[in-house]
**Student:** 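Here it is, the structure, as structure tokens.
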Amino acid sequence: MPLAEFAVIWAAVTAASIGLFLALGLALEALNRRHPERRIQSREPSSERVRDMLASIRQLLVTCTCIALGIALQRAGWGVGPLAATWWSVPLMAAVGIVLLDAWFYFVHRLLHTRPLYRFHRPHHLNVTPTVWSNDSGHAVDTAMTHSFYVLLPLLLPVPVLSVVLVRLFDQVTAIIGHSGYEHFAGATMRWPWLGICTVYHDQHHSAFRYNYANFFSLWDRVFGTIHPRYDEEVASWEARYQTTAEARANPAE
């Protein structure tokens with residue numbers, strides 16, 4: 001694996017990741033300011049905005065190293081080799097990657113909550129009230145354990161590079177939204193019998209610690225009994241609030 005090729009891949013992935021982090025963070029901040037009524041927790045964030053930004057960017061460097069290493073090793077001939085990038089292989093392998101990442105994240109996350117490893121995860125939980133900028137803040141060991149998935153994915157499965165990019169794009173966007181502290185996406189598909197999740201899901205993990213370990217879907221938390229007991233109820237509550245607000249706007253004179 002030529003070091004120069006790895007460096008180019010790493011630089012491209014890092015620039016894209018940090019750019020997305022800043023752009024989406026600023027967009028969500030603007031959206032949150034327009035809708036203060038959608039704030040989930042009443043307590044104020046315990047950390048400073050700039051501190052969270054810098055802490056997250058430091059950990060993004062670790063994540064991007066994992067992504068670049070997996071891609072570079074695949075390109076150097078390691079692993080099973082990728083499928084040709086076609087209209088069906090790219091979305092199919094991206095979907096497989098997302099499902100597998102959700103499982104990986106759940107079990108690694110549970111492991112990080114055990115006594116021997118929690119010291120590496122604790123810095124992330126110092127933000128009891130998460131913000132868009134605290135998504136990646138934490139310890140390098142925590143990040144490496146979680147995102148080593150991106151090293152293994154292109155080596156163990158025939159995943160085209162574009163599929164890896166789509167998995168990471170989905171991962172980063174949903175994670176930033178999940179840490180935003182404001183609920184904009186609650187809906188029927190985000191609660192039982194569907195397996196989708198909204199911002200409330202991960203927000204409850206930060207406020208209660210012992211629930212909602214998954215990343216994209218509620219499947220594993222439901223199977224292992226770690227879903228927050230009031231998650232579905234709270235999503236339904238947010239749906240009712242949306243409906244009340246919509247009706248008030250439609251009938252301002254009443």
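It should be emphasised that the depicted structure is a prediction, and the values quoted were computed from it without experimental measurement. Start at 1 with the first residue, then count along the sequence.
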**Student:** For D221, check salt bridge (Lys or Arg N to Asp or Glu O under 4.0 Å) against everything at least two apart and list the hits.
**Tutor:** none

**Student:** Search all heavy atoms of R168 against all heavy atoms of Y150 and return the closest pair with its distance.
**Tutor:** CA-OH, 3.4 Å

**Student:** Would W78 end up clustered with L83 when hydrophobic side chains under 4.5 Å apart are linked, directly or stepwise?
**Tutor:**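 In one cluster: no.
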
**Student:** Less than 4.0 Å between a side-chain N and a carboxylate O, is that true for R39 and D203?
**Tutor:** no

**Student:** Using the benzene-type ring in the case of Trp, are the ring centres of W192 and Y231 under 6.0 Å apart?
**Tutor:** no

**Student:** Nearest 0.5 Å, what's the CZ-CG distance between R230 and D232?
**Tutor:** 11.0 Å

**Student:** Considering all heavy atoms of both residues, which atom of P123 and which atom of R119 are nearest to each other, and what is their separation?
**Tutor:** CD-O, 3.4 Å

**Student:** Going through the checks in order, is the side-chain contact (heavy atoms from CB on, under 4.5 Å) test met by D102 and W220?
**Tutor:** CA-CA 9 Å; D102 190 57; W220 296 108; 3.6 Å; yes

**Student:** Within a radius of less than 6.0 Å around CZ of R110, do more than 12 heavy atoms belonging to other residues, nucleotides or ligands occur?
**Tutor:** yes

**Student:** Going by heavy atoms in the side chains, are I197 and F217 under 4.5 Å from each other?
**Tutor:** no

**Student:** Of all the heavy-atom pairs spanning A72 and F6, show the shortest one and how long it is.
**Tutor:**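 Scanning both residues, the minimum pair turns out to be CB-CD1, 4.1 Å.
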
**Student:** Q59 and side-chain hydrogen bond (donor to acceptor under 3.5 Å, both in side chains): which single residue from D142, T143, T146 fits?
**Tutor:** T143

**Student:** Counting distance only, does the side-chain N/O of S134 pair as donor-acceptor with the main-chain N or O of P130 below 3.5 Å?
**Tutor:**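 Flag not set: sc S134 to bb P130 has no pair under 3.5 Å.
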
**Student:** For the residue pair H121 and H139, is the inter-centroid distance of their aromatic rings smaller than 6.0 Å?
**Tutor:** no

**Student:** Quick check: does any side chain N or O of H35 sit under 3.5 Å from a backbone N or O of E37, one acting as donor and the other as acceptor?
**Tutor:** no

**Student:** Below 6.0 angstrom between ring centroids: does that apply to H109 and Y106?
**Tutor:** no

**Student:** Rounded to the nearest 0.5 Å, what separates atom CD1 in I57 from atom OG in S17?
**Tutor:**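 If we round to the nearest 0.5 Å, I57:CD1 and S17:OG are 11.0 Å apart.
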
**Student:** Among T129, N135, T199, exactly one meets side-chain hydrogen bond (donor to acceptor under 3.5 Å, both in side chains) together with H179. Which residue is that?
**Tutor:** N135

**Student:** In the hydrophobic cluster built from side-chain contacts under 4.5 Å, what are the other members alongside V128?
**Tutor:** Y118, F209

**Student:** Measure the shortest side-chain to side-chain distance between P82 and V161 over non-hydrogen atoms and say whether it is less than 4.5 angstrom.
**Tutor:** no

**Student:** Taking the side chain as everything from C-beta on, heavy atoms only, tell me whether V62 gets closer than 4.5 Å to H147.
**Tutor:** no

**Student:** I need the T174 OG1 to F185 CZ distance, nearest 0.5 Å.
**Tutor:** 11.0 Å

**Student:** Between R75 and I9, is any pair of side-chain heavy atoms under 4.5 Å apart?
**Tutor:** yes

**Student:** As a test of understanding, state which of F107, Y213, Y211 forms a ring pair (Phe, Tyr, Trp, His ring centres under 6.0 Å) with F224.
**Tutor:** F107

**Student:** Are the side chains of W88 and M93 in touch, meaning some heavy atoms are under 4.5 Å apart?
**Tutor:**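 Result no, sub-4.5 Å side-chain heavy-atom pair not found.
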
**Student:** Would you name the heavy atoms of V151 and C66 that are closest together and state the gap between them?
**Tutor:** CG2-O, 3.4 Å

**Student:** Compare every heavy atom of G97 with every heavy atom of L153, then report the nearest pair and how far apart it is.
**Tutor:** CD1-CA, 4.3 Å

**Student:** Work out which heavy atom in T189 is nearest to a heavy atom in W194; give both atom names and the distance.
**Tutor:**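 That would be O-CB, 3.2 Å.
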
**Student:** Same cluster or not: are L92 and L101 linked, directly or through other Ile, Leu, Val, Met, Phe, Trp or Tyr residues, by side-chain heavy atoms under 4.5 angstrom apart?
**Tutor:** yes

**Student:** Can you name the salt bridge (Lys or Arg N to Asp or Glu O under 4.0 Å) partners of R51, sequence neighbours left out?
**Tutor:**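 Counting only residues at least two positions away or on another chain, R51 forms no salt bridge (Lys or Arg N to Asp or Glu O under 4.0 Å).
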
**Student:** Under 4.5 Å between any side-chain heavy atoms of S137 and N127, yes or no?
**Tutor:**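 Side-chain contact under 4.5 Å: yes.
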
**Student:** We want to know whether W133 and S56 form a side-chain donor-acceptor pair, criterion being a heavy-atom distance below 3.5 angstrom.
**Tutor:** no

**Student:** If hydrophobic clusters are built from ILVMFWY residues whose side chains come within less than 4.5 Å, do V8 and I71 share one?
**Tutor:** no

**Student:** side-chain contact (heavy atoms from CB on, under 4.5 Å) between L73 and L155: does it pass, once the steps are laid out?
**Tutor:** CA-CA 7 Å; L73 287 173; L155 300 182; 3.7 Å; yes

**Student:** Start with the C-alpha gap between S180 and E29, add the side-chain angles, then the distance that decides, and say whether side-chain contact (heavy atoms from CB on, under 4.5 Å) holds.
**Tutor:** CA-CA 8 Å; S180 66; E29 272 196 335; over 6 Å; no

**Student:** Do L28 and Y182 come within less than 4.5 Å of each other through their side chains, counting heavy atoms only?
**Tutor:**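 The answer is no, as the side chains (C-beta and beyond) never meet within the 4.5 Å cut-off.
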
**Student:** Check V99, V96, I98, I67 against V167 for a side chain to side chain contact (heavy atoms under 4.5 Å, CB included) and give me the one that passes.
**Tutor:** I98

**Student:** Measure the shortest side-chain to side-chain distance between W10 and L61 over non-hydrogen atoms and say whether it is less than 4.5 angstrom.
**Tutor:**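 Touching, per the 4.5 Å side-chain cut-off.
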
**Student:** Working note: V164 + Q74, criterion side-chain contact (heavy atoms from CB on, under 4.5 Å); need CA distance, chi angles, decisive distance, verdict.
**Tutor:** CA-CA 11 Å; V164 177; Q74 185 193 66; 5.8 Å; no

**Student:** Just by distance, do the side chain of T14 and the backbone of A11 share a donor-acceptor pair under 3.5 Å?
**Tutor:** no

**Student:** In the single-linkage hydrophobic clustering (I, L, V, M, F, W, Y; side-chain heavy atoms under 4.5 Å), do V13 and I18 co-cluster?
**Tutor:** no

**Student:** With rounding to the nearest 0.5 Å, note down the distance linking NE2 in H113 to OG1 in T226.
**Tutor:** 10.5 Å

**Student:** What distance separates L31 CG from R38 CZ, expressed to the nearest 0.5 Å?
**Tutor:**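 Rounded to the nearest 0.5 Å, the CG-CZ separation comes out at 7.5 Å.
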
**Student:** Donor-acceptor pair, distance only, cut-off 3.5 Å: does the side chain of E183 make one with the backbone of V200?
**Tutor:** yes

**Student:** Mind checking whether H125 and H205 have ring centres under 6.0 Å apart?
**Tutor:**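 Yes, they do, as the ring centres are separated by less than 6.0 Å.
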
**Student:** CE/M190 to OH/Y201 distance, rounded to the nearest 0.5 angstrom?
**Tutor:**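 One finds 12.5 Å between CE of M190 and OH of Y201.
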
**Student:** Ignoring hydrogens and geometry, is there a side-chain-to-backbone donor-acceptor pair from S148 to M145 under 3.5 Å?
**Tutor:**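 Flag set: sc S148 to bb M145 pair under 3.5 Å.
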
**Student:** V80 and L162: same hydrophobic cluster, using ILVMFWY side-chain contacts below 4.5 Å?
**Tutor:**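 No, it is not one cluster - the side chains of V80 and L162 are not joined through contacts under 4.5 Å.
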
**Student:** Do H124 and D136 meet the criterion of a side-chain donor-acceptor pair at a distance under 3.5 Å?
**Tutor:** no

**Student:** Between the side chain of E233 and the main-chain N/O of A236, is any donor-acceptor distance below 3.5 Å?
**Tutor:**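 Looks like no, no N/O pair under 3.5 Å.
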
**Student:** Is any side-chain N of the basic residue among E239 and R191 closer than 4.0 Å to the acidic one's carboxylate O?
**Tutor:**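 So E239 pairs with R191 through a salt bridge.
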
**Student:** Using modelled atom types only, decide if a donor and an acceptor are shared between the side chain of S163 and the backbone of V159 within a distance under 3.5 Å.
**Tutor:** no

